[in-house]
*Asks:* 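Let me give you the structure first, and then I'll get to my questions.
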Amino acid sequence: MTGAGRLLAISDLHIGYPENREFAASLRPEHPDDWLIVAGDVGEVFADVGYVLATLADRFARVIWTPGNHELWTLPADPVAVRGVARYEALLKVCRRFGVLTPEDEFPVWQGSAGPVTIAPLFTLYDYSFSLSGDGAAATRARAVAVARAAGVAAADEDRLHPDPYPSVGAWCRDRVAASAARLASVSGPMVLVSHWPLLRAPLTALRHPEYAPWCGTELTAEWHRSFPVAAAVYGHLHIPRTTVHDGVRFEEVSVGYPREWQRRGPAPPQPRIILG
């Protein structure tokens with residue numbers, strides 16, 4: 001990218017809601033060189049996800065996508081019934097058909113006014129280690145589910161996100177984190193890390209229901225913003241759009257969220273956030 005384009009980011013479009021679908025259809029670049037990061041949770045139905053990513057790829061100079069938990073759900077009414085890794089791989093095929101970059105592609109490099117920056121889309125999942133008790137890697141799915149249920153919180157992932165062929169989401173997460181870390185270690189120069197789930201625990205203090213924290217990431221990524229030359233980190237999932245700074249690194253939560261959430265903040269959903277200009 002050269003010229004006056006911008007690197008923009010958005011997540012959690014949740015187009016199953018008519019208001020959100022209309023908003024996604026309205027998204028347009030202001031400059032022909034604008035790139036758009038889509039940090040997961042476009043929707044739950046396989047065909048819907050592909051349609052939105054394809055239309056965005058037609059409009060923006062480049063679209064970079066990483067999956068959220070909702071894209072990985074397998075719902076009974078979805079004609080595409082594949083689960084787990086097979087579902088992720090099917091989504092990758094759709095992205096490649098329309099030129100959308102994914103965590104499995106070569107990391108693109110943004111050529112901005114301050115020099116080149118590598119954009120690293122990551123697929124890391126969660127392993128329940130963001131537990132309320134602070135027991136980190138010792139946290140268990142059973143304990144997280146029990147604590148959440150006692151508080152009246154039900155994580156839909158438990159019934160809809162399947163880790164096949166892995167024995168658990170935690171095992172899938174560990175493999176994804178190891179592969180991602182190896183790729184990041186080979187990058188020189190500044191990076192923008194893009195993940196659906198927050199890479200560290202700190203943003204979770206803003207959760208309305210802290211019992212949901214175990215489904216929000218993994219302690220295995222908590223040092224990445226210090227271990228690698230990170231210019232900014234982009235994430236979603238929490239539906240709490242804001243900018244925070246941790247250890248001198250800018251973290252951008254770029255969620256749209258459900259209509260009942262964004263309507264409390266204003267008459268329209270939040271526009272894509274400028275990450276680099």
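It should be emphasised that the depicted structure is a prediction, and the values quoted were computed from it without experimental measurement. Heavy-atom basis, side chains included; hydrogens, waters and symmetry copies ignored.
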*Asks:* Quick one, Asp157 with Tyr126, criterion side chain to side chain donor-acceptor pair (under 3.5 Å). Give me CA distance, side-chain angles, the key distance, then yes/no.
*Replies:* CA-CA 11 Å; Asp157 284 10; Tyr126 55 87; 2.9 Å; yes
*Asks:* Looking at Trp172 versus Phe123, is the centre-to-centre ring distance below 6.0 Å?
*Replies:*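 Ring centres of Phe123 and Trp172 closer than 6.0 Å.
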*Asks:* Looking only at atom types and distance, does a side-chain atom of Arg28 sit under 3.5 Å from a main-chain N or O of Ala25, one as donor and one as acceptor?
*Replies:* yes
*Asks:* Distance under 6.0 Å and angle within 45° of the ring axis: does Arg143 meet both against Tyr128?
*Replies:* no
*Asks:* Checking Thr102 against Asp105: is there a side-chain donor and acceptor pair closer than 3.5 Å?
*Replies:* yes
*Asks:* Looking at Gly68, is its backbone amide N or carbonyl O close enough to the side chain of Glu71 to form a donor-acceptor pair, meaning the two atoms are under 3.5 Å apart?
*Replies:* yes
*Asks:* Are His225 and His246 near enough that their ring centres are under 6.0 Å apart?
*Replies:*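 No: the rings miss the under 6.0 Å criterion.
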*Asks:* Can you list the steps and then say if Asp12 with His196 is a side chain to side chain contact (heavy atoms under 4.5 Å, CB included)?
*Replies:* CA-CA 9 Å; Asp12 297 81; His196 177 68; 3.5 Å; yes
*Asks:* State which residues pass side chain to side chain contact (heavy atoms under 4.5 Å, CB included) with Val145; sequence neighbours excluded, sorted by chain then number.
*Replies:* Arg141, Arg149, Glu158, Trp215
*Asks:* Write out all pairs satisfying side chain to side chain donor-acceptor pair (under 3.5 Å) with one or both partners inside residues 84-95, taking only residues at least two apart or from two chains.
*Replies:*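 Side chain to side chain donor-acceptor pair (under 3.5 Å) check on residues 84-95 returns Asp78-Arg87, Tyr88-Glu104.
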*Asks:* Distance from Ile119 atom CD1 to Ile64 atom CD1, nearest 0.5 Å?
*Replies:* 6.0 Å
*Asks:* For Pro241, which residues count as a side chain to side chain contact (heavy atoms under 4.5 Å, CB included) partner, sequence neighbours excluded?
*Replies:*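 Testing Pro241 for side chain to side chain contact (heavy atoms under 4.5 Å, CB included), a comparison that skips the adjacent residues, returns Glu253, Arg265, Arg273.
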*Asks:* At what distance, to the nearest 0.5 angstrom, does OG1 of Thr218 lie from CG of Leu199?
*Replies:* 10.0 Å
*Asks:* Are Trp73 and Asp159 close enough, and set up right, to give a side chain to side chain donor-acceptor pair (under 3.5 Å), and what steps lead you there?
*Replies:* CA-CA 9 Å; Trp73 285 1; Asp159 298 316; over 6 Å; no
